[in-house]
Protein chains: 2
Amino acid sequence: MFGFNTPSIDSKGRIAIPARYRIDFKTQNHNEIVITKDPQYPSIKLYHHSEWQRISTKLQSLQGLDPIVRNLQWTILGNAYQTDIDIEGRMLVRIPSDLQNYAQINEQKQVALVGMGNKFEIWNIKNWEMRQTGGSLSTEILDVVLPESIKEMSF
Amino acid sequence: MFGFNTPSIDSKGRIAIPARYRIDFKTQNHNEIVITKDPQYPSIKLYHHSEWQRISTKLQSLQGLDPIVRNLQWTILGNAYQTDIDIEGRMLVRIPSDLQNYAQINEQKQVALVGMGNKFEIWNIKNWEMRQTGGSLSTEILDVVLPESIKEMSF
DNA sequence: ACAGAATCCGGCTTATAAACCAACTCAACT
DNA sequence: AGTTGAGTTGGTTTATAAGCCGGATTCTGT
């Protein structure tokens, strides 16, 4: 589940996971995924069950006094939607409208779907191209020095 | 699988791996390879299965909040295409068009194929010659100081 | 609680793109 | 010069994606 695709998003906010990614979901044997915000950039993250378990557990265990940590918890945990996907069919995923706004993919016909191995990212295509060519994005949400406690984490 | 060749790339974006490299793929006993971007220079990297396992696993495990690390993950993982090659036959590899653009090998009749032992690199011939003679390339994508966590990695 | 409306969901159809297969050309070696 | 292996090309088939449509479910207002 690596690589880059530009599937279409329909008027109802549905995205069909491209066929070459589907095997990974099947082998995982879990038809539940979690969609949430990326804490740093205007994009959406899509985890499958096991990876979400790992991340959410770690995040919850962190002490909530550091404002940056609390921000991460709010952003990631507080915006997580769990949905089921049809493993056999087209694997349609519905993106909630507030996440669509966050990633600036409402009003779009196509989105950038980026397979990162243990997770997916969904981007506005323009933003993705901009990021790839080193341009600055309109919103970089979390641009701070990170505390030691989350240095070794991977989201 | 060392050395230098200039195979042709056809209108469909196909490159035939030269015969003298094929033995290495056969002995590996894996007919799947991964094509992705080079994070530093305008070239394409071609890994066979085991080497890709090593790199992608390491990259995924790194914490994803450091912008430099995220850039590496996006470039390498987010642009990786896995394809099967026919070990017995002609070993045609199709290069996706966005990677062709990245390496500036669209509109070319021939490319530079460089065997690096555990990986291949595919270059625009002009760029390759330029790099060998110490000339500067039009685009050097990742021109930054790398964090300690990935200092010892080799891509 | 019920009727109407809107939304959601799955199957079908068509267009497009990738993988497959086979033939032809060229070069090297005998 | 004939033979063999390598490289190149084009056509065919298969797979994939996306628009379309109808049925089902939920939601809302009366």
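Below, read A as the first sequence line, B as the second, and so on, with proteins coming before strands; counting in each chain starts at 1. The figures here come from the full heavy-atom set of this structure, side chains too, leaving out hydrogens, waters and symmetry mates.
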Is there a donor-acceptor pair closer than 3.5 Å between any side-chain N or O of [X] and the backbone N or O of [Y]?
| X | Y | answer |
| --- | --- | --- |
| B:Gln73 | B:Leu59 | yes |
| A:Ser8 | A:Lys109 | no |
| A:Asp38 | A:Pro42 | no |
| A:Arg22 | A:Ile17 | yes |

Just the table, please: protein N/O against nucleotides 2-6 of chain D N/O, every pair under 3.5 Å.
none

Verdict with reasoning, B:Tyr21 to B:Asn5, per side-chain hydrogen bond (donor to acceptor under 3.5 Å, both in side chains): CA-CA 10 Å; B:Tyr21 294 133; B:Asn5 271 73; 3.3 Å; yes
Strand contacts (DNA chain D) in residues 8-16 of chain B, 4.0 angstrom heavy-atom criterion: B:Ser8, B:Asp10, B:Lys12, B:Arg14
Assign A:Lys109 to base, sugar-phosphate, or nothing according to its heavy-atom contacts below 4.0 angstrom with the strands shown. sugar-phosphate
Extract, from 5' to 3' on DNA chain C, the first and final nucleotides lying under 4.0 angstrom from some heavy atom of chain B. C:dA18 to C:dA23
B:Leu92 CG to D:dG11 C1', straight-line distance once rounded to whole Å: 15 Å
To the nearest angstrom, the CE-C1' distance between A:Met91 and D:dA18 comes to 17 Å
Nearest heavy-atom pair of A:Ala112 and A:Phe4: which atoms, and what distance? CB-CE1, 3.6 Å
Check ion pair A:Glu121-B:Arg70 (N to O, under 4.0 angstrom): yes
Under 4.0 Å between a Lys/Arg side-chain N and an Asp/Glu carboxylate O for B:Glu51 and B:Arg54? yes
Can you label the angle between the A:Trp52 ring and the A:Tyr47 ring as parallel, tilted or perpendicular, going by 30° and 60°? tilted
Could you walk me through whether A:Leu99 and A:Tyr81 satisfy the side-chain contact (heavy atoms from CB on, under 4.5 Å) test, starting with their C-alpha distance in whole Å, then the side-chain angles of each, then the deciding distance to 0.1 Å, before giving a yes or no? CA-CA 10 Å; A:Leu99 293 190; A:Tyr81 293 84; 3.9 Å; yes
